[in-house]
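What you see below is based on every heavy atom in this structure, not just the backbone, and it leaves out hydrogens, waters and symmetry mates.
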Amino acid sequence: MADTKREIERKYEATDATRLPDLSRVAGVGRVEKRGVTELDAVYYDTADLRLASHSLTLRRRTGGADEGWHLKFPVATGIRDELHEPLADTLPPSFAALLRSRLRHTELAPVVRLLSSRDVQHLNDPDGTLLAEVSVDTVLAERLAGEGTGTTATWTEIEVELADDGDPAFLDAVEKRLRKAGVRPSDSSSKLARALAETAPVRKEKKPKADDPQTTGDHVLTYVRQQIRTIVDLDPAVRRDLPDSVHKMRVATRRLRSAFKTYRRILDREATDPIGAELKWLAGELGVDRDQEVLDQRLGARTEALPGTLVLGPVRGRLEVWSAARRTGSRRRITDVLDGKRYLALLDTLDALAADPPLRPAASRAPGKELPRAVLKDYKKLARRMDHALEHPPGPERDAAMHEARKAAKRARYAGDAARPALGKPAKRFAKRVKAVQTVLGDHQDSVVARDALRALAIEAHAAGETTFTWGLLYGHEEAAADARERELPEVWARASDPVLRADLKH
């Protein structure tokens with residue numbers, strides 16, 4: 001895996017006449033150390049339609065400096081990016097090719113911009129000599145290498161202030177305050193590449209911007225659908241990098257998309273969306289192979305840690321670890337294989353095609369004020385039927401199964417409310433919030449059902465090995481009590497979600 005660094009920096013405009021102020025007067029700085037001038041030569045790569053740049057990604061091969069090689073940067077937040085580094089080579093590193101696969105697929109990369117930078121560097125150190133930030137004045141020559149504007153050049157000078165590893169971001173505020181006092185202003189460009197592309201592009205006559213706010217029901221539904229597609233594509237490299245919660249978030253996006261296809265069948269032709277929904281279900285299943293086990297491990301682990309030590313009898317923690325390891329499937333390798341497979345890449349192509357040429361039905365052209373509430377309330381009615389079915393059963397396996405089915409309906413109704421929120425505003429927000437509360441109660445109850453099944457199996461294994469089953473029985477009792485509490489809580493939570501006023505507000 002490539003080396004990764006969290007890059008936190010700010011850029012400022014400069015001219016040939018710009019002089020850096022005395023930064024030794026910034027609070028916390030004990031010494032300013034001049035590091036000299038470095039010559040950098042960087043070639044940036046992208047597709048012909050600048051697909052990476054449109055996602056705020058930068059891919060470059062740079063010579064010169066202490067970190068020459070290939071660099072791939074992913075946006076995290078304003079002024080914050082994750083920078084991945086691979087050693088200098090003539091061709092794109094395989095690890096980078098994998099991280100870009102969801103965006104590139106069958107499209108070739110080519111050099112689009114070359115940047116020659118003369119970088120004058122200073123280090124801002126604290127009184128103990130620890131690096132706080134690196135300040136550089138970069139004189140840049142950019143040349144467009146492909147597309148419109150090929151051969152066009154641009155020059156500029158800018159100041160970069162990059163926070164040291166594990167530094168306090170508040171220090172950048174102190175540096176900026178000093179720079180502003182000297183007349184230095186923040187740059188309008190988020191990166192050198194963005195500025196180079198802008199300044200080497202052909203000059204065009206300004207056109208009156210088209211209104212792009214959603215107007216029809218179809219506009220709103222497609223905006224939501226495209227957001228979920230974008231989320232899946234954006235999370236692909238995060239899943240490959242094994243970033244926290246990335247698998248879960250990607251799985252949720254597939255579920256939201258499938259749910260939208262079902263909820264809005266009057267808007268999107270199901271003959272086109274049903275096969276895609278089946279593929280999304282497959283993907284969610286692959287992503288969830290070990291996710292469900294991870295959730296169960298966390299629940300049982302937390303329950304065990306909460307017990308007094310005197311009540312943990314026998315090798316409980318060790319058995320939990322062995323049991324969990326035996327049930328895991330090597331998910332990192334498995335998930336990577338799925339994301340590299342033809343079936344997944346074909347699904348992404350199909351989703352792109354759907355977003356570009358959606359199979360709209362006649363209702364899509366209508367105003368959202370009627371069509372969206374109709375769809376949301378239809379999902380609510382399905383939830384209400386399942387809730388009535390669940391609540392009429394006495395506690396036991398049949399009620400557990402009915403509550404699980406209600407949970408799935410609650411999730412779909414909540415997603416429907418979320419999708420309608422931009423058009424329907426606060427009523428949809430309140431509806432989704434109330435239904436989410438129902439989903440949470442039902443979800444925790446289902447987690448307890450799964451946990452009790454696991455605890456019973458663990459107790460059987462422990463008994464067969466001649467171990468005491470006291471702790472397993474105790475944990476089972478705790479889960480049983482938690483499920484009972486959720487069952488008592490459910491009627492009140494459901495009453496708030498089924499308030500007629502809440503549904504009436506959706507129609508107005």
Side-chain angles (χ1 to χ4, degrees), residues 1-7 40-65 67-76 81-115 144-147 191-194 196-197 229-244 246-247 249-251 253-254 279 283 286-287 330-353 355:
M1 180 61 69
D3 294 333
T4 304
K5 175 185 177 183
R6 177 60 56 87
E7 178 186 79
L40 305 174
D41 186 346
V43 175
Y44 288 77
Y45 290 78
D46 208 331
T47 59
D49 59 358
L50 301 179
R51 195 172 304 171
L52 301 186
S54 70
H55 286 77
S56 300
L57 301 182
T58 59
L59 171 66
R60 73 185 179 206
R61 180 184 184 275
R62 190 170 74 182
T63 57
D67 64 344
E68 68 177 8
W70 286 88
H71 301 88
L72 176 59
K73 298 186 181 184
F74 289 93
V76 176
R81 295 185 292 182
D82 278 347
E83 180 179 352
L84 283 68
H85 175 259
E86 288 279 17
L88 193 64
D90 292 334
T91 58
L92 180 68
S95 64
F96 284 7
L99 292 172
L100 296 172
R101 188 161 291 129
S102 67
R103 292 178 171 88
L104 300 180
R105 277 164 257 168
H106 318 291
T107 307
E108 295 293 328
L109 287 169
V112 293
V113 167
R114 184 184 187 190
L115 294 181
R144 190 69 167 259
L145 301 177
S191 67
K192 287 184 173 66
L193 175 62
L197 290 172
I229 295 172
R230 174 76 179 253
T231 297
I232 292 171
V233 173
D234 285 352
L235 284 171
D236 178 294
V239 170
R240 293 174 186 272
R241 294 169 59 200
D242 200 21
L243 296 186
S246 57
V247 172
K249 289 178 180 177
M250 191 176 190
R251 194 181 184 195
T254 65
E279 289 300 281
L283 178 59
E286 294 290 344
L287 293 171
S331 61
R332 288 293 306 132
R333 180 70 261 173
R334 180 187 178 93
I335 290 177
T336 301
D337 288 344
V338 168
L339 298 185
D340 286 338
K342 292 181 180 179
R343 185 174 181 178
Y344 168 71
L345 296 177
L347 172 59
L348 295 186
D349 288 340
T350 302
L351 290 174
D352 280 352

In terms of side-chain heavy atoms, does Glu279 have a donor or acceptor partner in Thr350 at a distance below 3.5 Å?
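Looking only at side-chain atoms, Thr350 and Glu279 do not form any donor-acceptor pair under 3.5 Å.
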Should [X] and [Y] count as an ion pair when the cut-off is N to O under 4.0 Å?
X: Asp236; Y: Arg101; result: no
X: Asp234; Y: Lys249; result: no
X: Lys5; Y: Asp67; result: no

Kindly give the heavy-atom pair with the smallest separation between [X] and [Y], and that separation in Å.
X: Arg51; Y: Asp46; answer: N-OD1, 3.1 Å
X: Ile335; Y: Leu287; answer: CG2-CD2, 4.3 Å
X: Leu339; Y: Tyr344; answer: O-CD2, 3.1 Å
X: Glu68; Y: His85; answer: O-NE2, 3.1 Å

To the nearest 0.5 Å, how far apart are OG in Ser191 and CG in Leu115?
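With rounding to 0.5 Å, OG (Ser191) is 9.0 Å from CG (Leu115).
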Quick check for you: to the nearest 0.5 Å, what is the distance between Glu7 atom CD and Arg81 atom CZ?
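The CD atom of Glu7 sits 5.0 Å away from the CZ atom of Arg81.
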With side chain to side chain contact (heavy atoms under 4.5 Å, CB included) as the criterion, how do Arg103 and Leu57 come out once you've worked through the C-alpha distance, each side chain's angles and the decisive distance to 0.1 Å?
CA-CA 10 Å; Arg103 292 178 171 88; Leu57 301 182; 3.5 Å; yes
Side chain to side chain, Leu197 and Arg144, heavy atoms closer than 4.5 Å:
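Yes, at least one pair of side-chain atoms sits under 4.5 Å.
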